[in-house]
Structures are given as C-alpha cells and as structure tokens.
Amino acid sequence: MRSLAVVTVLLSALACSPSGGSAAPTPAARPPVQDAGAPGIGDRDFPLDGNGGYDVAHYGLKLGYDPGRRFLTGTATVQASAKQALSRFNLDLAGLTVDQVSVDGAKATFDRKGDELTIVPAAPIADGARFTTVITYSGRPQPVKDSSNLGTYGFIPTQDGAFVTCEPNGAKTWFPANDHPADKARFDFEITVPKGLVALANGEMSRPAATSGGKTTYHWRERHPMATYLATMTLGKFELRQGRTPAGIPNLAAADPRFRSALDRLHTNTGKITDYWATVFGPYPFSSTGGVVDDFPAGYALENQTKPMYGGFDPDESIVAHELAHQWFGNSLTIKRWRDLWLNEGFATYAEWLWSEHSGRSTAETIFAGFRARPASDPMWAYPPGKARPGDLFNESVYTRGGMTLHALRKAVGDQVFFKLVKEWATTNRHRHVSTEQFVALAEKRSGKQLDSLFDAWLFQPRRPA
Ligand code: ARG
Ligand code: ZN
C-alpha cells in the first residue's frame, strides 16, 4: 500500500510539472489549441517520438562542428507537406539552443518543452500545403544514455570528432527532426569541419570537398527516402578506400587510423556481400554501399543508410552481412512502429545464417537447431519477438527468435517458395513502409498455405514453439 501511494504521488507530480515551471497550468487545464499537430506520430510505445500533422519530404542540413569545443552549429531546412490544417506543429529536438525559426520565409515563434520544439507559424498552414521551415540552432550535442538496453546513441563526441548512430530516436540530438521511422525523407548534408578531418554522411558526395580558411566542407546527398535514425554525420580522422563492388556499385570504406588494418578487409567484404545480397534479395536499393569503423567503443554496429557504422571493432563477415542485409530490411523496407522491429533484426540475423551457409560454414538449419535446443526456461522463449518492447527493444529474441521465425517459414514452404517470397517482399516494397501483417499475408498467398499458427507460435507466444 505504502509504495503504491508513493508511486501515485510521483506520477501526479510528474503530470503537473511540465518543464515550463511549477506555476504552469496542467495540460488538461489549458484550452485546446485549434489545428495543433500532435506531439507524437502515433507509435503507442514511443508516444512523443515523431510528430503528427505533416510529412517531411526533405531535410537540408547545414552543419558545422568544432571537436575542440564540442560545439555544433546548424541550419536545418525542412520541407514538408501538411496532412491537416496546422496552426502549430512540433519537431523533435533534444538539448541545443534554437536561435531562430521561419516558416515559408516568415519569422515564426517557437517554444521548447522536453524534446519537443513547437513552432507557431505567422499564418496557419492549410491542409495539403507544402511548407518550408528553417531552424537555426547551436550548442553542445549530448548523446542519449539509456538505462535499459539501448546503450549510448545519437550524436556521440569522440577524441577526434563524433560517432553518430541514432537508432531508435537519437537524430533529435543533432537536428530538428520528425524523429520516427514512419516518416522517411530525402537528405542533403553540408558539413564543415576543421581541415584534416573527414565528415561522412549518407549517400554520395554531391560536390568535391573544398578547403578554405582552415576548414573543409563536405556535401553529401541521400537521394532515396531514409528514416531519421539512419542519418549520420560521423566525423574525425579517417583513412578511406574507394572503389566499386565487383558488380559495379560505388563502395566507400572508412576507418579511424586506430583501425587502419581493418580497412581493406571491410572494403572487400562490403563489396562481395552487397553483391551477393542483390542476388538473394533483389537489386541493391541505394546508389552506393560502404562501411565505417570508428574508435568509439559503442559495443554495437548500426546499419546507417549506405554506410553502416562499426563502433570500435574490426567487423567480421557475419556482422557486415547483418548490416548490409539491413539495407534491404529496415532501410529500404521500413517499419511504421517499433514493435515490428523483428522485420529488421530477424531478417538481418537470418541473413547472417544465410551468409554462413553460402560460405560453406554452418548451414542455417544447423544454427537454427542449436537455438531450438535451448531449454524451455530460456528467456528467449518468454519474449515474443513480434512485440518488441520499448524498454527492451534490442532483446536477443527480436534478433534470434526473429531469425528462427524465417527459418521455420522456410521449412514449412520449401526453399523455392521461400527465396522467391523474400525477394518479392524486398522488391515490391522497395523504399516503402511494411508491417508484420503484410509479410504474413504475402507468405500465405505465395505458399498457398495457412500460416497463422506458425507465425503466431514463433512471433507472438511467450513460450517455445512446439
Ligand atoms: N540495429 C543495430 C543492429 O542490429 C543495433 C542498434 C543498437 N542501437 C542501440 N542504441 N543500442 O545492427
Ligand atoms: Zn541489426
């Protein structure tokens, strides 16, 4: 009873103190604002991630970073279209100081609360209208340090620059964003850093690097839609290896000098694995491939679009195979809500097993059987991977049991149907959003089999499938 009462008091205290201060009225007491965009995009597990009422088409990010002072200056030009009439709307932004905001060239007023930047344009935006918001801002970016299993992510300052990996919601640590995968957009980056440093972002260089006044500016363009968590501006001292994959896709590998010895192998493996996945999953969805090894010991890799980042280790083929498979599953085909994360991680994990099989090491069946043999008491069986939990998003089940789900499907429908189905899934949904229900429906259609109970047992039951 006692602890319950304490919890209640705490909860009501939280509800009554928006960061504006104790004198502010409670949200309920404030009159509703007509035509306000919602502060979240509608993912009930991440209620304040992303925003409602508009859809971003393009981010133009002009950024400067001084590693000595750990100071970022930015101008973000966000082109969006309104999905409702908007008297105000939000972007996600964590920390940093906003200096000025304009909407369609007219000065706008703005307000900050927590990680929500609320913008009130001089004139309301009509439903369906395209509008351009320009935000100038600056400050010392702080990464997110999560106490659950997300670790440290977002803009992470390093000795010589920054390691920028943002899954699930760390883009807001370095630019104002509709920071949820349900809103993908195209990106242009213009990044100015001290001479001698390299700034790496997604896509390809849209202009040659230019140095003047002791600074170098890099222009990068990702011309395919991209989720905000896949954006990067990783910078520092880097050695580069440029070329093409054997099949001809531009391929850029970069390594911090401490990982110089990893560079050639990363470049070669990235090339051959990108090409192999194109034969299994269908044409590569982007205009270049690559990989970056930095010296920040993140303890994880992230599949940043066109440039997976490996945090402080020399990646083996297996993890390169994983991150490159994400270019299809996660990056080209993107989830609308985080609970469907197995569609990213289960596929990328299964791709590791396929790569092992392809390389003449253990077959997917052998790997599957090894996991299948875990005792019924193993925590993986208690966690249904089809419902990734916000506090435990990257649980092993989402990866391993997610991958096992695909192997169980493969056994149920046969190799021929399975591989045709996977390729069709990736090809017909290229650059779009996907859901578990759509995958189940396609699997049933192509196999002509009732697969409800298979998917239910593997994805949604808190026990080991029979
Ligand atoms: N998607 C990444 C991978 O499986 C993992 C990202 C982990 N992110 C984090 N904040 N811990 O390769
Ligand atoms: Zn992954």
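Because the structure is a prediction, the values reported are computed rather than measured. Counting starts at 1 for both ligands and their atoms, in listed order.
- With Tyr229 as the partner, the ring pair (Phe, Tyr, Trp, His ring centres under 6.0 Å) test is satisfied by one option alone out of Trp338, Tyr153, Trp174: Trp338.
- Distances from the Zn ion (ligand 2) to each N, O or S atom of Glu345 single out OE1 as the nearest.
- The protein atom (non-hydrogen) at minimum distance from atom 12 (O) of ligand 1 is Glu323 OE2, 2.7 Å.
- For Phe189 and His219, the gap between ring centers reaches or exceeds 6.0 Å.
- The protein non-hydrogen atom at the shortest distance from atom 10 (N) of ligand 1 is Leu150 O, 2.8 Å.
- Ion pair Glu365/Arg410 not flagged as a salt bridge, since none of the NZ, NE, NH1 or NH2 atoms sits closer than 4.0 Å to an Asp/Glu carboxylate oxygen.
- Against a heavy-atom cut-off of under 4.0 Å, His322 is close to the following atoms of ligand 1: 3 (C), 4 (O), 12 (O).
- Inclusion of Thr152 in the set of residues having an N or O under 3.5 Å from an N or O of ligand 1 is not warranted.
- In the displayed structure, Lys336 atom NZ is contacted under 6.0 Å by more than 12 heavy atoms of other residues, nucleotides or ligands.
- For His322, the N, O or S atom closest to the Zn ion (ligand 2) goes by the atom name NE2.
- Contact atoms of ligand 1 toward Tyr399: 2 (C), 3 (C), 4 (O), 5 (C) (distance under 4.0 Å to a heavy atom of the residue).
- When each atom of ligand 1 is checked for a heavy atom of Glu345 under 4.0 Å away, the hits are 1 (N), 2 (C), 3 (C), 4 (O).
- Considering Phe368, Tyr399, Phe371 as possible partners of Trp353, the one that fulfils the ring pair (Phe, Tyr, Trp, His ring centres under 6.0 Å) test is Phe371.
- With Phe329 as reference, Phe281 is the one residue of Trp342, Phe439, Phe281, Tyr350 to meet the ring pair (Phe, Tyr, Trp, His ring centres under 6.0 Å) rule.
- Looking at atom 1 (N) of ligand 1, its nearest protein heavy atom turns out to be Glu167 OE1, 2.6 Å.
- The shortest N or O to N or O distance between Asn149 and ligand 1 is not below 3.5 Å.
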